[in-house]
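Report on the structure given below.
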Amino acid sequence: MIEVKNLVKKYGNHTAINRLSFRMEKGKIYGFLGPNGAGKSTTMNIMTGYLGATEGQVLINGHDILKEPEEAKKHIGYLPELPPLYMDMTVSEYLEFAAELKGVPKEKRKSSIEEVMKLTKILEVKRRLIKNLSKGYRQRVGLAQAILGFPDIIILDEPTVGLDPKQIIEIRELIRSLAKKHTVILSSHILAEVREVCDYILIISKGKLVASDTPDNLEHRMNSSEAVEIETKAEASRVREVLKDIQDIKESSVKKQTDGITYARLLPRDGKDIRENVFLAFAEQKVPLLTLKTEHVSLETVFMELTQNENITKLQEMEEREETEYAGDL
Ligand code: ADP
Ligand code: MG
């Protein structure tokens, strides 16, 4: 189990990580999702003990990464953004060296190395110098190094960068197969990738955790406060009048579409379903509604909205509300 508590990382005046907290359970695939510069690599470097934090704590299976680095690091295999490869070594020599560093027992080294080379499909290049390998192969050698010794937790920073589509599919399959026995954490700035591979997504933006949930729940939670779109046969001013008296509309934007037809987008308060009220209000005022529909929010939209700063509070507000409701039930 991994626990990250109140992590802060400052580079001079710049806060790269801003009070990040989360927990990760065994045997799942977690995805850090966020645009470039969000703080994914910094977080992973701190979790693996490569970088010190300004504040906060990281516990790996109960061991503090700063106070008991050796014990904590035993549980982790890490593929950094720039894998630490030695260009003048052959693939076999490098993995031999990595196995020794990781303390893989001597009698097990040969078989462990064979196994990871097989899994990452690099057996055919094992005698080649790393400097002569393509980017895709180098990435796989880095991955082989990360899973060598099969630690409980495997942390991969943008593992598919620089790979071709066929290699990406192979690496994803490998990641899935690893998750049967290991906890896997990967980072990506590509939504499709985390959605495809991960059981759980942590969306990071500007060093903050803006949402964390399963891909399905993230979509669902956004949908529960989804916007309602209407088209009416009336002038904009008339539409605004009708809207004024409808309860539970938090925000509305009204636009003239063509002569005599007005479009409006309505955001409900507190995730309420306002469709019925909207329909009845317009009917009562004898203003014809031509369409009334809810806008489907895809995970794409969730990601885009959440990683733009002004919308960050949205899911956080929703989460706080859920907590309050839960407290109320007790
Ligand atoms: P990501 O991996 O999500 O792209 P990073 O963790 O690499 O993001 O970077 C997070 C922020 O910290 C960025 O604004 C980046 O410019 C800054 N940063 C990263 N490393 C350093 C460093 N060594 N010195 C100063 N700023 C850094
Ligand atoms: Mg990065």
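Remember, it's 1-based here, ligands and their atoms both numbered in the order they're listed.
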For this session: Would you mind running through ligand 1 and noting each atom that sits below 4.0 Å from a heavy atom of Ser41?
Result: 1 (P), 2 (O), 6 (O), 7 (O)
For this session: Return the residue, atom name and 0.1 Å-rounded distance of the protein heavy atom closest to atom 15 (C) of ligand 1.
Result: His14 NE2, 4.6 Å
Exercise. Nearest protein heavy atom to atom 8 (O) of ligand 1, by residue and atom, and its distance?
Worked result: Gly39 N, 3.1 Å
Exercise. Has ligand 1 got any nitrogen or oxygen that is less than 3.5 angstrom from a nitrogen or oxygen of Thr43?
Worked result: no
Exercise. Does the pair Arg275/Asp273 count as a salt bridge with the N-to-O cut at 4.0 Å?
Worked result: yes
Exercise. Pick one: which of Ile203, Leu202, Ile204 meets side-chain contact (heavy atoms from CB on, under 4.5 Å) with Val210?
Worked result: Ile203
Exercise. For ligand 1, which atoms sit closer than 4.0 Å to a heavy atom of Asn36?
Worked result: 4 (O)
For this session: Please say whether the positively charged group of Lys126, taken as NZ for Lys or CZ for Arg, lies over the ring of Tyr94, i.e. under 6.0 angstrom from the six-membered ring centre and within 45 degrees of the axis.
Result: no
Exercise. Counting heavy atoms only, which of His189, Glu81, Lys40 comes nearest to atom 3 (O) of ligand 1?
Worked result: Lys40
For this session: Any chance you could pull the hydrophobic cluster mates of Ile249, using side-chain heavy atoms under 4.5 angstrom and chaining through other members?
Result: Val228, Ile230, Val239, Val242, Leu243, Ile246, Val254, Leu266, Ile274, Val278, Phe279, Leu280, Phe282, Val287, Leu289, Leu292
Exercise. Quick one: nearest non-hydrogen protein atom to atom 4 (O) of ligand 1, plus distance?
Worked result: Gly37 N, 2.7 Å
Exercise. Is any side-chain heavy atom of Met47 less than 4.5 Å from a side-chain heavy atom of Ile65?
Worked result: no
For this session: State whether Tyr137 and Lys135 meet the cation-pi test: NZ (Lys) or CZ (Arg) under 6.0 Å from the six-membered ring centroid, and within 45° of the perpendicular axis.
Result: no
Problem set entry | Residue Ala38 vicinity, atoms of ligand 1 by number, heavy atom under 4.0 Å | 1 (P), 3 (O), 8 (O)
Exercise. Hey, is ligand 1 close enough to Thr42 that some N/O pair sits below 3.5 Å?
Worked result: yes
Exercise. What do you think, any protein heavy atom under 4.0 angstrom from atom 27 (C) of ligand 1?
Worked result: yes
Problem set entry | Shortest protein heavy-atom distance from atom 19 (C) of ligand 1, along with the residue and atom involved | Tyr11 CE1, 3.5 Å
Side chains of residues 180-188: which donor-acceptor pairs under 3.5 Å do they make with residues two or more places apart or in other chains?
{"unit_1": "His182", "atom_1": "ND1", "unit_2": "Pro151", "atom_2": "O", "d": "2.7"}
{"unit_1": "Thr183", "atom_1": "OG1", "unit_2": "Gly27", "atom_2": "N", "d": "3.1"}
{"unit_1": "Ser187", "atom_1": "OG", "unit_2": "Asp157", "atom_2": "OD1", "d": "2.5"}
{"unit_1": "Ser187", "atom_1": "OG", "unit_2": "Glu158", "atom_2": "N", "d": "2.9"}
{"unit_1": "Ser188", "atom_1": "OG", "unit_2": "Ile190", "atom_2": "N", "d": "2.9"}
{"unit_1": "Ser188", "atom_1": "OG", "unit_2": "Ile190", "atom_2": "O", "d": "3.3"}
{"unit_1": "Ser188", "atom_1": "OG", "unit_2": "Glu193", "atom_2": "OE2", "d": "3.4"}

Exercise. Could you state the interatomic distance from CD1 (Ile46) to NZ (Lys9), rounded to the nearest 0.5 Å?
Worked result: 6.0 Å
Problem set entry | Other ILVMFWY residues reachable from Met1 by side-chain steps of under 4.5 Å | none
Exercise. Measuring from Arg138:CZ to Leu143:CG, what's the distance to the nearest 0.5 Å?
Worked result: 16.0 Å
For this session: Taking only Lys NZ, Arg NE, NH1 and NH2, and the carboxylate oxygens of Asp or Glu, determine whether Glu115 and Lys118 approach each other closer than 4.0 Å.
Result: no
For this session: For Ala16, take its heavy atoms, then give the atoms of ligand 1 lying under 4.0 Å from any of them.
Result: 11 (C), 12 (O)
Problem set entry | Min side-chain heavy-atom separation Leu33-His189 under 4.5 Å | no
Problem set entry | Atoms of protein origin (N, O or S) under 2.8 Å from the Mg ion (ligand 2) | Ser41 OG, Glu81 OE2
